[in-house]
Visitor: 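If you scroll down you'll find the structure; I have some questions about it.
Here is how names work: the chains are called A, B, and so on, in the same order as the sequence lines, proteins then strands, and each is numbered from 1. Scope of the values below: all heavy atoms of this structure, side chains included, with no hydrogens, waters or symmetry mates.
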Amino acid sequence: MAGQRRLETSEVGDVTVVRFVDRKILDVTNIHELGRELFQLVEEQNRKKLLLNFSTVEFLSSETLGELIKLEKKVKQHTGKLVLTNIKPEIYEVFAITRLNKLFDIRDDEPEGLAALNAA
Amino acid sequence: MAVDDWIWQLDESIPSRTGEGKRILEAVLHQLEAENWFPHEIFGVHLAMEEALVNAIKHGNRFDDAKRVQVVCKLSPEKFFLKICDEGTGFRLEEVPDCTEDENLEKASGRGIMLMRNFMSRVEYNSSGNCVTMEKIRGQKTA
């Protein structure tokens, strides 16, 4: 997609499936660019149902969590729904320690995530 | 008390740029891999060091190139030691909200410190809050 460098997106029905280009979402500039690209999906392209597939992600930090929280808020403001899937155990631990596993709807894999979004 | 048998040490003053922090972080990860630390232990050190470097460069020195970040790393067969100091005004640890409380889940601050404490064996700040010292004991259960 034009203008998107940190994300790969595809459409499955009315769900936008997002995959991350970077295995390690670390560099502060990249994190904010990633955030901007995610926010564009919601605010400019009006995507209501987002599935973020983390299968390629091996590392993230609290900066990335901050961008994901902002995304969750924007999706809610646009009466949409956000689901995270395919999170590796170490990364899931990061969500669990910070209790963000309570804030986000986290599903095991893409089919489960799609089912949750399609039921919404 | 046994004297630590350091097998690798690094003591550098770096400018407040994330690329400089990344260079040191990669040197540390390379040493841990060379010493056959477990992947989950390396993940924990990686995360904690990343958080501490970002805190120092971004929140402490606010990317000010005139300010330096002092990084001391030491590795023994049993543990990894890290001290990171910035030239910022510091912060009061007790004023950082508990990011795991329901009302703070969406707030921006506190998660980095929470992660460091969970993935490392010991994390301490000096009284002014501009120096963090941490250790990871090899083979000890943390997060």
Visitor: Quick check for you: to the nearest 0.5 Å, what is the distance between Glu72(A) atom CD and Leu105(B) atom CG?
Guide: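 Those atoms lie 11.0 Å apart.
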Visitor: Please determine if Asp102(B) and Arg99(A) form a salt bridge, counting it only when a charged side-chain N lies under 4.0 Å from a carboxylate O.
Guide: yes
Visitor: More than 12 foreign heavy atoms under 6.0 Å from CZ of Arg122(B): is that the case here?
Guide: yes
Visitor: Is Glu58(A) in contact with chain B via its backbone, its side chain, both, or neither, using a 4.5 Å heavy-atom distance?
Guide: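 Contact with chain B involves the backbone of Glu58(A) alone.
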Visitor: Roughly how far apart are Leu100(A) CG and Arg111(B) CZ, rounded to 0.5 Å?
Guide: 5.5 Å
Visitor: With a 4.5 angstrom heavy-atom cut-off, which part of Asp98(B) approaches chain A: side chain, backbone, both or neither?
Guide: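 Asp98(B) has no heavy atom closer than 4.5 Å to chain A.
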Visitor: Does any backbone or side-chain atom of Lys73(A) lie under 4.5 Å from a heavy atom of chain B? Answer side chain, backbone, both or neither.
Guide: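 Contact with chain B is through the side chain of Lys73(A) alone.
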Visitor: Say whether Leu7(A) and Leu117(A) are linked into one hydrophobic cluster, either directly or through other cluster members, by side-chain heavy-atom distances under 4.5 angstrom.
Guide: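 Different hydrophobic clusters.
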Visitor: Is it true that Val83(A) and Val15(A) fall in one hydrophobic cluster, defined by side-chain heavy atoms closer than 4.5 Å?
Guide: yes
Visitor: Give the C-alpha distance, both sets of side-chain angles, the deciding distance and a yes or no for side-chain contact (heavy atoms from CB on, under 4.5 Å) between Lys58(B) and Glu63(A).
Guide: CA-CA 11 Å; Lys58(B) 182 182 174 186; Glu63(A) 291 274 323; 2.9 Å; yes
Visitor: Are there more than 12 heavy atoms of other residues, nucleotides or ligands under 6.0 Å from atom NZ of Lys48(A)?
Guide: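 Enclosed: over 12 neighbouring heavy atoms sit under 6.0 Å from NZ of Lys48(A).
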Visitor: Could you tell me whether His78(A) atom NE2 has more than 12 heavy atoms of other residues or ligands within 6.0 Å of it?
Guide: yes
Visitor: When clusters are formed by joining ILVMFWY residues with side-chain heavy atoms under 4.5 Å apart, either directly or through shared neighbours, do Val132(B) and Ile137(B) land in the same one?
Guide: no
Visitor: From Phe43(B) CZ over to Glu93(A) CD, what is the distance, rounded to the nearest 0.5 angstrom?
Guide: 7.5 Å
Visitor: Assess, by modelled atom type and distance only, whether the side chains of Glu50(B) and Ser61(A) contain a donor and an acceptor separated by less than 3.5 Å.
Guide: no
Visitor: So which of Val94(A), Leu103(A), Leu65(A) has the largest heavy-atom pair count under 4.5 angstrom toward chain B?
Guide: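 Option with the top pair count is Val94(A).
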Visitor: Under a single-linkage definition using a 4.5 Å side-chain heavy-atom cutoff for Ile, Leu, Val, Met, Phe, Trp and Tyr, are Met49(B) and Phe38(B) assigned to the same hydrophobic cluster?
Guide: no
Visitor: Look at the side-chain heavy atoms of Ile, Leu, Val, Met, Phe, Trp and Tyr, link any pair under 4.5 Å apart, and say whether Phe80(B) and Leu25(B) land in one connected group.
Guide: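 Same hydrophobic cluster.
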Visitor: Chain A: which of Asn104(B), Ile57(B), Thr100(B) shares the most heavy-atom pairs with it under 4.5 Å?
Guide: Thr100(B)
